[in-house]
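Each remark here refers to the structure printed beneath this line.
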Amino acid sequence: MLLIRCPYCQDYFPEVEFDYAGEAHIERPADPSLLSDDAWRDFLFIRSNTRGWHVERWRHTHGCGRFFNMVRHTVTDKILLTYRAGEPMPNIKQLVETNT
Amino acid sequence: MTQSFRVDGRGRLDYGTPMRFTFDGKTYSGFKGDTLASALLAHGVHLVGRSFKYHRPRGIVTAGSEEPNALVGIDRGAGRFEPNTRATVQELYQGLSAESQNRWPSLQFDIGAINDQFHSLFPAGFYYKTFMWPRQFWDRVYEPFIRFAAGLGRPPRDPDPDCYASRYHHCDLLIVGGGPAGLAAALEAGRQGLDVVIVDEQAAFGGSLLSNPTCTINGALSWEWIANVVEELRGLENVKLLLRTSAIGYFHQNMVGLCQRLTDHLSDVPDGVPRERLWRVRARRVILAQGAIEKPLVFNGNDRPGVMLASAGQTYLHRYGVTVGKRIVIVTSHDTAWQAAFDYANAGIEIAAIVDVRPEVDPKLRAKADECAIKTLVGHSITQTTGRKRVRSVTVQATTDPSRKSVRRLLCDAVLMSGGWTPTLYLFSHTKGSLTWDDNGERFLPSETPEICDIIGAGNGCWGIANALREGACVGAGKALTDIEVSYTVEHDDDAASGIVQKELPTTQPQETVRAFVDFQNDVTSKDIRLAVQTGMKSIEHVKRYTTNGMATDQGKLSNMNGLMIAADALGVTPPDVGLTTFRPPYTPTTFGVFAGRHSGEHFEVERKTVIDPWADEQGAVFEPVSLWRRARYFPQAGEDMRAAVARECGAVRSGVGIFDASTLGKIEVVGPDAAEFLNRMYTNPWLKLAPGRCRYGLLLGEDGYIRDDGVVARLSQDRFHVTTTTGGAPNVLATMEDYLQTEWPDLDVWLTSTTEQWAVIALQGPLARKVLEPLVDGIDLSNDAFPHMSMAQCSVAGYPARLFRVSFTGELGFEVNVPAQFGRALWERFIEAGEPHSICPYGTEAMHVLRTEKGYIIVGQDTDGTVTPDDAGLNWAIGKKKKDFIGKRSLSRPDLVADGRKQFVGLLTHDPSVVLEEGAQVVQDPNQSVPMDMLGHITSSYWSEALGRSIALALIADGRARMDQSLYIPMDNQTHAVTVVSPVFYDPSGERLNS
Amino acid sequence: MQHYSALSLIKNAFTKHKHWKEEWPDAAPKAAYDVVIIGAGGHGLGAAYYLAKEHGINNVAVVEKGWLGGGNTGRNTTIIRSNYLYDESAKLYDHAVDLWETLSQEVNYNVMFSKRGVMMLAHTQHDIQSIQRHIHANRLNGVDNRWLSAKEAKTLCPPLNIEANARYPVLGAALQKRAGTARHDAVAWGYARAAAARGVDIIQNCPVTNILRGPDGRVTGVETPKGVIKAKKIAVSAAGNTSVIMDTAGVRMPLESYTLQALVSEPVKPCLPGVVMSNSVHAYISQSDKGELVIGSGTDQYTSYSQRGGLPMIEHTLAAICEMFPVFKRMRMLRLWGGVVDVTPDRSAILGKTPVDGLYVNCGWGTGGFKATPGAAHLLAWTIAKDEPHPINAPFSLQRFATGRLIDEAAAAAVAH
Amino acid sequence: MMNKGAVPLERVEDKNVRLSANEARQGKGFKLHTDSNGTHKTLANITGDRIKISMRAPGGRLSLRVREQNRLQTSEALRVPLPLQIGKRKTDGKRSVLCLGPDEWVIRTPCEDVQALLQKSELLRDATPHSLVDVSSRDVEIDISGRDVEAVLSAGCPIDFRQFSVGEGKRTIFDSVQIILDRHTDTDFSIEVWRSYSAYIWEGLALAIDDVNAESFLAE
Ligand SMILES: Cc1cc2nc3c(=O)[nH]c(=O)nc-3n(C[C@H](O)[C@H](O)[C@H](O)COP(=O)(O)OP(=O)(O)OC[C@H]3O[C@@H](n4cnc5c(N)ncnc54)[C@H](O)[C@@H]3O)c2cc1C
Ligand SMILES: NC(=O)c1ccc[n+]([C@@H]2O[C@H](COP(=O)([O-])OP(=O)(O)OC[C@H]3O[C@@H](n4cnc5c(N)ncnc54)[C@H](O)[C@@H]3O)[C@@H](O)[C@H]2O)c1
Ligand SMILES: Cc1cc2nc3c(=O)[nH]c(=O)nc-3n(C[C@H](O)[C@H](O)[C@H](O)COP(=O)(O)O)c2cc1C
Ligand SMILES: [Zn+2]
């Protein structure tokens with residue numbers, strides 16, 4: 001069971017208070033009707049499924065209720081960082097370097 | 001029987017409290033403080049079980065949870081039978097009743113032992129090679145036979161009446177293992193004021209010190225030292241001590257699972273006390289001080305009852321006051337077993353010889369042996385043992401002497417063996433911690449772990465009590481291991497701990513006669529491991545799975561290292577090149593019950609009830625579960641079955657007035673200046689122009705274009721909507737809405753609040769509904785003109801603040817009254833009273849289903865299944881044609897969603913009106929085609945309609961709307977039903993009744 | 001290939017088992033192959049076998065990053081059944097079950113396919129509707145599946161709790177008699193041995209790090225720590241790791257990899273004759289031929305390649321098992337492990353061609369592809385050999401995610417084993 | 001304690017009849033069996049010297065949502081103090097306000113205040129976007145106090161009570177059910193939970209108490 005820092009509550013809480021919500025930074029197209037079937041497929045279904053540092057969404061469902069983002073390593077499950085929804089994707093390479 | 005193997009003046013038993021117990025029906029006695037194993041040994045009983053494959057007689061090997069052989073069934077009365085309990089762990093209690101396992105008809109005489117005669121036919125992997133011919137024999141003969149032979153203990157047969165508990169716990173420091181290292185760590189950390197939890201799986205703290213009463217620590221004898229430390233720790237409020245508590249698994253971020261056994265050791269178990277408790281401990285820091293486990297030696301006949309680990313011998317002697325035999329042979333490749341010999345000699349027990357396979361040993365040890373007058377055979381190996389149910393002799397021979405001149409036979413009734421020590425790295429490895437190979441010690445040692453975790457004592461490869469204490473004290477104080485600040489003076493330390501690691505012991509016996517066991521329980525011999533390698537199993541993981549080495553209930557605690565050494569030898573590579581198999585939780589087998597915890601029986605999962613539920617209950621309603629809720633399904637009157645009750649309830653709604661508890665519907669209050677815009681983006685329908693006081697049916701899709709949910713949405717005011725969802729869909733709809741709102745459209749000024757349980761919802765449906773309601777409503781004109789279908793108003797009903805909807809899911813004139821939940825029951829009863837003159841009739845979900853089916857209204861999840869588009873469902877009218885976008889819109893134009901042949905929602909009428917079709921039945925065009933048939937679709941809803949005097953059904957049928965009036969067929973097991981495709985609206989298609 | 005039989009076993013007993021040969025040689029990669037299959041699970045090994053046997057393509061390598069069979073093939077709960085809802089799925093899995101029936105003889109290796117029956121419990125009206133829909137569709141598709149009353153279910157499976165006052169009482173069940181389990185490791189070993197005997201190279205401890213493509217876009221080979229291995233055709237059959245490898249060929253996949261956990265109890269004498277599954281209560285269970293109860297859990301919530309799961313899921317699973325079988329509360333968990341399952345949006349597999357010439361993919365089997373092993377292997381071999389899908393796997397194309405022609409077994413059932 | 005809340009359905013033992021799925025679906029084979037010892041658990045208070053649980057009388061409760069930039073304005077207009085930090089509670093007379101999220105507060109106030117607040121909100125609506133929703137009836141409140149309170153709550157609540165101070169409150173879970181937990185003193189807590197979950201929570205607490213009591217039973 002992960003221990004997750006909610007960037008809104010600014011504290012650590014156990015995974016059971018949170019829901020995973022898939023890969024982060026996949027923005028819904030402003031006008032989907034302009035997309036080809038393939039492009040729309042990509043939006044709907046294609047995920048990076050990264051083996052390594054993965055940027056993903058979580059929601060502190062049974063806490064403050066907010067969606068936020070997390071950088072987690074999908075092999076070690078180590079959490080590098082959590083940040084608020086809407087903030088830009090961090091430079092992971094740099095972060096990893098400074099953190100190790 | 002007498003306890004003729006007790007040793008006077010030894011043991012930590014309560015000799016004042018004798019206890020009786022039975023084993024295989026025979027009565028024995030022991031003392032409080034004994035384990036079942038020690039009490040049996042006290043009577044000279046070694047033979048306690050039979051092995052898995054060959055049914056070889058097996059005895060007690062260890063004195064701990066790593067025991068592979070001494071597994072017994074424990075029976076504590078009805079529902080309290082438990083198989084595979086380790087006799088070495090089970091504490092004795094008054095009246096304990098145990099039985100041996102995997103033998104028939106008896107432990108002494110076991111037919112299955114015939115397998116042993118044919119062992120050469122059953123090498124590792126034999127079953128992959130045979131039982132294939134003739135093919136039919138597999139199902140009927142071979143497999144039943146294999147399955148019959150499976151398993152160890154007999155399974156429990158009755159429901160377990162015990163309860164189990166669980167807790168979360170947080171601490172600064174969790175210490176696993178209460179030996180010298182763990183205790184010293186707890187002492188330092190506890191004195192610093194940290195929140196400490198220290199656990200040990202045994203019944204007492206002290207670890208290996210309990211088996212070493214002669215050493216002194218800071219002047220105190222070891223047992224005294226333990227008592228002092230434990231007393232000090234108990235006195236500290238910040239320290240929690242848990243005995244009989246196994247750390248079972250090390251999970252992410254220092255979450256360690258513990259299983260605490262609360263009652264299995266008690267003679268009288270108080271009522272209602274949980275049997276076990278699961279602790280989920282989240283610790284800032286974890287210290288692993290689990291010690292080390294002794295390795296058996298692999299030699300011919302090493303599995304005979306009476307052959308045990310040397311340290312177990314010490315434990316039985318010192319802790320339990322029991323000698324494991326009257327004439328004992330020690331066989332070892334390691335120093336520590338010499339101490340066992342000395343201990344036994346000091347206790348006056350005859351040591352036949354110390355057989356040490358090493359060419360040379362520490363002269364100090366030899367000198368000490370001489371002092372004790374013990375014969376030593378250094379550079380000797382065991383080549384054979386005798387004794388079927390108890391070892392009777394061992395044959396030894398010098399390792400340097402191939403000529404067999406040095407062969408000699410030593411009579412004995414017990415053998416204590418030691419192949420050295422394996423640091424316990426199970427939990428450490430759960431963290432995905434890495435191991436390094438220690439060339440000197442020929443063992444794996446802990447290296448890096450991603451967790452905040454230290455490992456100390458014998459588990460860290462350190463030896464000697466003083467060293468263990470020092471490591472404990474350093475790490476407990478939060479210092480590095482090299483920071484020697486606290487030091488302990490230890491006398492009679494057991495620091496002599498060198499040795500060599502062996503594969504099989506050398507032997508001159510002809511290979512085919514050698515049976516040297518590596519995994520006792522699973523009957524894996526060294527030859528099996530070599531055969532696996534020969535067969536091409538070159539990865540240790542393959543060797544494990546091919547031979548089952550390490551897969552028994554001790555999970556390789558005794559067998560993994562020996563297996564590895566032999567496999568490495570067979571492969572001709574070094575042990576670290578072979579590596580270990582993966583360590584997995586639990587550390588020791590752990591009951592299902594403790595994981596289930598409180599969540600059993602009625603507490604298995606929440607059952608939600610509405611505020612009107614008690615009323616329905618009092619009326620004798622029959623309920624059904626709908627997602628987590630239970631809902632009244634129908635209200636049978638005396639003598640009525642479901643069909644009669646439902647027909648009556650439907651009739652009342654169609655001709656008079658029915659009352660229905662709709663409280664479970666999901667409700668969301670959508671508030672803010674952008675509320676309408678938000679709903680416009682979410683739902684297919686247009687919302688911007690909906691006037692306050694009006695309702696609209698809303699349809700919600702997934703981004704993939706398929707129907708997810710529906711419900712009526714009312715506009716309360718410019719910036720406030722009351723959204724309803726399906727009962728089951730409520731949580732998902734809210735979560736989906738929040739998701740879009742927070743992450744896609746954070747700019748919208750709108751907020752969502754779940755009000756599902758704020759409102760009790762009572763539906764009054766039927767031509768007389770207005771008659772019941774009108775007198776109770778204040779200040780609103782309920783006439784059809786003033787308050788038409790799909791109106792809503794905030795008003796007071798029977799004096800309660802209410803949101804009143806004119807809506808209908810039945811096709812009749814209908815109202816839904818929302819009042820704050822706390823008034824729900826009162827209002828319901830008020831309606832029942834007011835409706836009495838109109839014969840108001842409560843109806844349940846079943847009648848509701850019939851009524852809505854008559855009207856062709858869909859139920860999301862029943863008539864749709866996650867692959868149905870609005871067009872498929874005939875709901876295109878619910879799509880705002882001018883809207884540029886809404887969730888799922890883009891998907892609706894994907895090629896397959898506009899292709900021909902999609903399954904469309906239609907009605908079906910059986911040619912025989914009395915036939916009620918089965919929901920889920922498949923529809924075909926040509927009933928005479930052969931299997932596999934071309935299926936057009938399936939029945940989604942099917943009921944007897946009293947109003948129509950016939951059966952009706954809804955279905956999803958390929959190109960359904962183009963098939964109106966076609967005859968289709970429903971082939972069932974023994975007959976085929978013919979149906980006609982019709983519109984899904986069976987009743988009042990013009991909607992007159994609704995608008996009256 | 002050395003023939004395995006009772007007779008050979010007896011003969012070898014006389015020669016002290018000294019003459020058993022390696023079941024498959026540990027091959028070093030050759031410079032080039034006609035076909036390289038990435039992933040030595042049951043699917044990949046089986047495909048190599050069928051390529052050699054049925055299509056005469058023997059110049060094949062199966063490249064495995066670890067030990068063969070160590071992926072999900074080696075860590076699954078081995079449920080085999082074919083009573084799926086949609087025609088496409090039913091055909092696919094029934095094709096596999098047909099092959100299971102004779103697999104031991106086919107590869108001369110006893111994979112212990114045990115037709116002990118799989119029972120799926122109904123606890124709610126919704127379950128009954130859904131199960132009935134399956135049963136009827138299966139019947140018309142010629143797939144074995146039938147309805148059992150609760151009592152019949154209990155007769156078949158005595159430890160089952162059918163008390164009416166349970167939180168989720170058993171209202172009935174679907175039974176597929178022809179379904180069951182198999183010895184998972186033996187499937188990998190049997191295929192490996194049979195494939196090796198037909199000239200297939202099995203290269204272990206050799207992770208593929210890159211798929212190489214020529215200027216025309218067609219595949220040319222794979223990069224590994226053991227060097228570049230050239231190949232005319234490449235099939236990726238790497239379960240949880242598929243998207244990582246496909247990425248190197250420039251194909252992004254509709255896949256997410258999750259941890260799925262399973263556990264076994266200590267072994268006990270036979271007490272659970274068949275396999276029991278429950279969608280509403282969320283657990284499934286069988287008893288292995290060795291005596292352990294084999295229990296499957298649900299996927300953990302977040303994507304992971306760690307093969308290691310969390311405790312909450314296990315607590316839930318065992319509560320569910322105790323709910324269905326209160327007699328098992330005193331049984332003990334012996335070992336708990338995880339696998340990495342590759343999950344598609346519609347929970348159905350992807351088996352077919354890819355946008356890259358010469359590159360084929362077999363993945364997305366998620367929590368339920370063991371049962372498909374011989375079928376998927378057979379169809380993958382066909383697809384590689386003919387450069388076009390077999391009619392049975394044609395609907396399982398990658399293309400369906402763009403057209404929307406999904407095969408949504410997930411929508412029809414909550415758990416998909 | 002474990003009397004069945006639901007009406008147990010008793011299977012009719014008709015020996016020879018095999019129920020078809022359709023029959024089972026239609027409830028055949030089950031007859032109604034009403035439990036004599038009260039099918040509805042009355043939530044009798046639990047009173048012991050180490051732990052007490054009781055149901056709190058209904059009170060007023062509103063969910064307030066407003067963006068940070070409008071927080072002060074709203075606070076002033078409604079005359080409710082809005083604590084800044086998630087998890088903090090502010091009390092003003094009979095009213096107390098707990099911050100649950102960055103834009104979310106729950107206002108606890110006497111029932112009779114609710115309408116007045118809603119009216120004020122209505123007036124504020126055009127000037128200051130916000131949402132105020134009456135949820136008084138949605139939740140029920142359980143008071144739980146006593147020396148063993150942390151141990152009892154720890155049975156189902158995964159938070160670290162050492163980090164949860166007096167005067168704080170938070171949304172969390174108990175036994176997988178969402179609750180709002182408030183800490184009033186070292187040993188006084190209250191749980192706010194959606195109405196239909198309250199019996200389950202109550203039962204969970206009762207079972208937890210059995211477990212905690214066992215500790216004193218078993219102490220050697
Ligand atoms: C806990 C659990 C329970 C399950 N229960 C069932 C069940 O009851 N019934 C059922 O039908 N299915 C079940 N499944 C699913 C089933 O196990 C899989 O769908 C099936 O085994 C997949 O087989 P495979 O051969 O495709 O994959 P795998 O056996 O996983 O083989 C893929 C191989 O590819 C290798 N590989 C990966 N990356 C590379 C690389 N870069 N280079 C070289 N090699 C690589 C891997 O090491 C692995 O050996 C379960 C799965 C799990 C995890
Ligand atoms: N000669 C012997 O018999 C012998 C054996 C082992 C250690 N020693 C001596 O003891 C010193 C080591 O002391 P130590 O403290 O490292 O080890 P220890 O063996 O004294 O203590 C380890 C303790 O950990 C407990 N434990 C192990 N796994 C557990 C789990 N998963 N959950 C709960 N409890 C668990 C055991 O019950 C044991 O009490 C060594 O340096 C050596 O000198 C002697
Ligand atoms: C059907 C099945 C039965 C198993 N039975 C046992 C068993 O009896 N004993 C055991 O230790 N492990 C058993 N395992 C688990 C394996 O030891 C191992 O955990 C699993 O293959 C995953 O590999 P890993 O743990 O090495 O990652 C079994 C696994 C499966 C799939
Ligand atoms: Zn938060």
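Letters A, B, ... mirror the listed sequences (proteins, then strands); counts begin at 1.
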Under a 4.5 Å heavy-atom cut-off, does chain D meet the side chain of B:Glu624, its backbone, both or neither?
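Neither; nothing under 4.5 Å.
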
Side chain, backbone, both or neither: which part of B:Trp629 has a heavy atom under 4.5 Å from chain D?
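Contact with chain D is through the side chain of B:Trp629 alone.
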
Identify whether NZ of Lys or CZ of Arg in B:Arg630 sits under 6.0 Å from the centre of the six-membered ring of B:Phe623 and within 45° of that ring's axis.
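Cation-pi check for B:Arg630 and B:Phe623: passes.
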
Under 4.5 Å, counting heavy-atom pairs only, tell me which of B:Tyr164, B:Trp751, B:Trp279, B:Phe823 racks up the most with chain D.
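Of B:Tyr164, B:Trp751, B:Trp279, B:Phe823, B:Trp751 has the most heavy-atom pairs under 4.5 Å with chain D.
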
Among B:Val606, B:Val273, B:Asp749, which residue has the highest count of heavy-atom pairs closer than 4.5 Å to chain D?
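It is B:Val606.
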
Salt bridge (Lys or Arg N to Asp or Glu O under 4.0 Å) for D:Glu215 and B:Arg167? Distances and angles first, verdict last.
CA-CA 13 Å; D:Glu215 264 172 47; B:Arg167 303 260 187 99; 2.5 Å; yes

Please identify, among [options], the residue contributing the most non-hydrogen atom pairs under 4.5 Å to chain B.
{"options": "D:Val135, D:Asp126, D:Asp103", "value": "D:Val135"}
{"options": "D:Ile201, D:Ile159, D:Asn213", "value": "D:Ile159"}
{"options": "D:Ala208, D:Ala151, D:Ser154", "value": "D:Ser154"}
{"options": "D:Arg195, D:Arg61, D:Arg162", "value": "D:Arg162"}
{"options": "D:Leu132, D:Leu153, D:Val152, D:Asp139", "value": "D:Leu132"}

Examine whether an atom of [X] lies under 4.5 Å from a heavy atom of chain B, and if so say whether it belongs to the side chain, the backbone or both; otherwise answer neither.
{"X": "D:Pro58", "value": "side chain"}
{"X": "D:Val140", "value": "neither"}
{"X": "D:Gln163", "value": "side chain"}
{"X": "D:Val177", "value": "side chain"}

[X]/[Y] ion pair, N-O < 4.0 Å:
{"X": "B:Arg284", "Y": "B:Asp195", "result": "no"}
{"X": "D:Glu104", "Y": "D:Arg171", "result": "yes"}
{"X": "B:Arg803", "Y": "B:Glu669", "result": "yes"}

Are B:Tyr634 and B:Glu640 packed together at the side-chain level, in the sense that at least one heavy-atom pair is separated by less than 4.5 angstrom?
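No - every pair of side-chain heavy atoms lies 4.5 Å or more apart.
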
Geometric class of the D:Phe164/D:Phe189 ring pair [parallel <30°, tilted 30-60°, perpendicular >60°]:
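Judged by the thresholds at 30° and 60°, the geometry between D:Phe189 and D:Phe164 is parallel.
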
Checking salt bridge (Lys or Arg N to Asp or Glu O under 4.0 Å) for the pair D:Arg108/D:Asp182: CA distance, chi angles, key distance, verdict?
CA-CA 12 Å; D:Arg108 280 88 167 235; D:Asp182 279 90; 2.6 Å; yes

